[in-house]
There are 2 protein chains.
Amino acid sequence: MLKEETVSHNHNCEECPIRHRAVCARCETDELERLEEIKYYRSFEAGQTVIWSGDKMDFVGSVVSGIATLTQTMEDGRTQMVGLLLPSDFVGRPGREGSAYDVVATTDLVMCCFRKKPFEQMMERTPHIAQRLLEMTLDELDAAREWMLVLGRKTAREKIASLLSIIARRDASLNLRPTQGALVFDLPLTREAMADYLGLTLETVSRQISALKRDGVIHLEGKRHVTVPDFTRLMEEAGDDADGGMLA
Amino acid sequence: MLKEETVSHNHNCEECPIRHRAVCARCETDELERLEEIKYYRSFEAGQTVIWSGDKMDFVGSVVSGIATLTQTMEDGRTQMVGLLLPSDFVGRPGREGSAYDVVATTDLVMCCFRKKPFEQMMERTPHIAQRLLEMTLDELDAAREWMLVLGRKTAREKIASLLSIIARRDASLNLRPTQGALVFDLPLTREAMADYLGLTLETVSRQISALKRDGVIHLEGKRHVTVPDFTRLMEEAGDDADGGMLA
DNA sequence: TCGCGCGCTTGATCTGGGTCAAGGATGACC
DNA sequence: GGTCATCCTTGACCCAGATCAAGCGCGCGA
């Protein structure tokens with residue numbers, strides 16, 4: 001099967017693409033040097049599982065490139081995605097042995113990993129890291145709570161529109177593309193993964209995407225390439241205040 | 001209308017009932033003394049709003065006694081509860097001006113508050129506070145993600161059972177009541193509040209509670225007083241692994 | 001003691017999204 | 001170029017939970 005590969009040649013932190021957004025964002029040069037000593041890269045192919053729920057995790061790390069998902073599964077197979085990990089997002093929890101979720105690479109994925117023990121020790125000595133991690137965790141908590149509203153109270157159509165607007169927004173902020181005019185991006189998820197994120201079935205996802213296309217809210221090229229001619233319209237379809245800060 | 005009251009006589013941190021679970025759990029005596037200088041108590045009556053979403057928050061704090069809820073509301077009135085605040089839980093976010101949610105007291109409530117600015121400054125100088133806050137935030141994130149599974153994938157009956165088991169568990173851990181045998185507790189929420197937590201209507205909540213009663217999973221005295229004769233049975237009804245750690 | 005309101009229950013009916021089922025498109029590999 | 005698998009779409013039907021509606025019971029204020 002697909003074999004995971006540990007990349008040996010260390011990249012330089014200073015020119016890391018996620019340098020300014022990851023856990024290490026606030027670190028000084030000397031702190032970076034110490035981090036560099038305990039870091040290593042790992043690559044995963046699309047579809048590979050990074051960690052299984054319950055497995056012992058001996059590392060924490062950041063997504064450098066690619067996309068991963070955090071999912072929870074019930075005994076009977078029902079699954080719910082509980083997080084979408086984009087570049088700069090943090091994986092793992094200091095101070096906990098096992099992973100609470102399945103982490104799966106949905107695209108080819110590169111992660112910058114730190115061995116957990118040394119990282120935890122560094123955290124104690126390096127407030128910049130703990131501060132940044134707290135800030136990131138609070139942001140994730142906000143995102144999770146926003147998602148609770150989506151899951152609990154929105155219609156299927158609103159759910160799809162919400163997901164599209166989140167992906168569009170994240171994509172735009174990552175690529176620093178100007179927001180005016182049409183937004184264009186690729187869906188990083190299959191219909192099934194979207195369904196798992198939204199608490200729907202893949203059939204409903206497909207139908208609602210078709211409906212949004214029919215109504216001119218989005219435009220599709222192939223199955224994955226999306227154009228949003230009017231972002232405000234999409235926000236309305238999502239049931240959000242149309243003012244919601246475009247610049248995260 | 002109900003008037004909020006600022007309690008002036010400061011209680012002593014050392015003998016505070018939430019001393020060992022709140023943000024200050026890790027603080028040394030001297031750190032507590034400094035906290036004590038910037039702290040004050042506020043009381044709210046059942047039904048009062050502590051903060052409105054969007055309002056400027058000039059404090060953060062801990063729930064000392066009573067219960068509050070965190071809710072989000074859409075323009076058309078649909079509302080979703082995104083958090084249940086029990087004694088020792090933290091309210092507010094360092095490093096952010098406004099509140100993202102409505103915070104409402106559902107029972108009479110006492111909070112231990114800190115002015116935000118001084119608290120933020122103390123956090124920088126007192127790693128014990130930041131560490132504890134990170135730990136608590138990570139726990140809340142786990143809870144939010146567990147709730148995403150409930151909202152996205154569980155049936156109405158499973159949702160009710162999940163809520164009951166959470167309340168039972170929290171109640172048991174708070175009151176250090178032994179878990180063996182029947183669990184007994186009072187529901188701190190109206191049917192409507194439960195519906196808002198679970199992404200259901202209050203009618204469905206009522207019907208499912210009646211059904212669980214009819215099936216002997218729970219026993220009701222009045223509308224709020226619940227007896228759970230067999231906790232394992234309740235966990236099964238919730239769709240959870242029956243092993244899920246009883247001792248949080 | 002009465003009456004009123006709030007929180008709750010229960011019934012009847014409707015409907016959004018799930019389920020089951022049948023293909024269609026695309027791309028990898030032989 | 002054909003086969004196969006994966007991902008996606010669309011249709012027909014069904015059901016869990018929403019919606020609409022009526023009424024109960026308890027606590028509180030007059």
Side-chain angles (χ1 to χ4, degrees), chain A residues 1-2 45-48 69 74 76-80 104 106-108 150-164 186-215 218 220-226 237 239, chain B residues 2 45-47 74 76-80 104 106-107 150-164 186-215 218 220-226 237 239:
Chain A
M1 250 241 62
L2 308 170
E45 289 180 45
Q48 267 188 294
T69 61
M74 296 169 66
D76 62 6
R78 282 177 281 175
T79 77
Q80 175 66 49
V104 179
T106 58
T107 65
D108 287 349
V150 172
L151 289 173
R153 292 304 186 190
K154 290 195 176 177
T155 64
R157 170 183 264 244
E158 289 170 333
K159 285 178 174 182
I160 297 288
S162 298
L163 179 57
L164 292 176
D186 283 307
L187 286 174
L189 301 173
T190 65
R191 301 290 187 261
E192 188 180 20
M194 289 189 245
D196 284 344
Y197 204 170
L198 296 165
L200 298 171
T201 58
L202 70 90
E203 292 94 329
T204 299
V205 170
S206 182
R207 274 188 259 270
Q208 295 299 335
I209 289 181
S210 299
L212 289 175
K213 184 172 66 173
R214 191 177 340 106
D215 300 345
I218 58 172
L220 274 188
E221 249 170 275
K223 316 278 180 202
R224 300 292 194 91
H225 195 73
V226 181
E237 291 288 354
Chain B
L2 308 172
E45 288 180 45
M74 296 170 66
D76 63 7
R78 281 177 281 175
T79 76
Q80 175 66 49
V104 179
T106 58
T107 65
V150 173
L151 290 173
R153 292 303 185 191
K154 291 195 177 179
T155 64
R157 171 183 263 243
E158 289 170 334
K159 285 178 175 182
I160 297 288
S162 298
L163 180 57
L164 292 176
D186 282 309
L187 286 173
L189 301 173
T190 65
R191 301 291 188 259
E192 188 180 22
M194 289 188 246
D196 283 343
Y197 205 171
L198 297 165
L200 297 170
T201 59
L202 69 91
E203 293 95 328
T204 299
V205 169
S206 182
R207 273 188 258 270
Q208 295 299 335
I209 289 182
S210 299
L212 289 175
K213 184 171 66 172
R214 191 177 340 105
D215 299 344
I218 58 172
L220 273 187
E221 247 170 278
K223 315 280 180 204
R224 300 291 193 91
H225 195 73
V226 181
E237 291 288 354

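- Under the 4.0 Å criterion applied to side-chain N and carboxylate O atoms, B:Arg157 and B:Asp215 are assigned as salt-bridge partners.
- Taking atom CD on B:Gln208 and atom P on D:dG17, their separation rounds to 6 Å, with Å as the unit.
- What separates CZ of B:Arg191 from C1' of D:dG25 is a distance of 14 Å, to the nearest Å.
- Contact between the side-chain N/O atoms of B:Thr204 and the OP1/OP2 oxygens of D:dA18 is found at a separation under 4.0 Å.
- Within 3.5 Å, no donor on the side chain of A:Arg214 pairs with an acceptor on the base of D:dT10, nor the reverse.
- Not one side-chain nitrogen or oxygen of A:Thr155 sits closer than 4.0 Å to the OP1 or OP2 atom of C:dG16.
- Side-chain proximity of A:Arg224 to the nucleotides C:dG18, C:dC8, D:dC7 is greatest for D:dC7.
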Would A:Glu158 and B:Arg78 count as a side-chain contact (heavy atoms from CB on, under 4.5 Å) here? Give the steps.
CA-CA 13 Å; A:Glu158 289 170 333; B:Arg78 281 177 281 175; 2.8 Å; yes

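- In this structure, A:Leu200 and A:Ala156 approach most closely via the heavy-atom pair CD2-CB, 4.0 Å.
- Rounded to whole angstrom, the span from the CG atom of B:Leu200 across to the C1' atom of C:dG16 amounts to 15 Å.
- Comparing B:Leu220 and A:Gly199, the nucleotide of DNA chain C nearest to each residue sits closer to the 5' end for B:Leu220.
- Protein atom CZ of B:Arg153 is 12 Å distant from nucleotide atom C1' of C:dG17, rounded to whole Å.
- At a threshold of 4.0 angstrom between heavy atoms, the contacts of B:Ile209 with the nucleic acid are absent.
- For the pair B:Leu198 CG and D:dG17 C1', the interatomic distance rounds to 13 Å; values are reported in whole Å.
- The nearest pair of heavy atoms linking A:Leu163 to A:Tyr197 is CD1-CD1, 3.7 Å.
- B:Glu203 contributes a side-chain N or O that forms a donor-acceptor pair with the base of D:dC20 under 3.5 Å.
- Atom CD of B:Glu192 is separated from atom P of C:dC8 by 9 Å (rounded to the nearest Å).
- Across the protein-nucleic acid pair, A:Leu202 atom CG and D:dT9 atom P stand 9 Å apart, rounded to whole Å.
- The pair B:Lys154-B:Glu237 does not count as a salt bridge, with every side-chain nitrogen at least 4.0 angstrom from each carboxylate oxygen.
- Where B:Thr201 and A:Lys223 meet DNA chain D, the nucleotide closest to each residue was compared, and A:Lys223 sits on the side nearer the 5' end.
- One can place CG of A:Leu212 at 16 Å from P of D:dC8, the figure rounded to the nearest angstrom.
- Contact check, B:Arg207 against C:dT9: no side-chain N or O comes under 4.0 Å of OP1 or OP2.
- Positionally, the nearest nucleotide of DNA chain D for A:Lys213 lies more toward the 5' end than for the other of B:Ala156 and A:Lys213.
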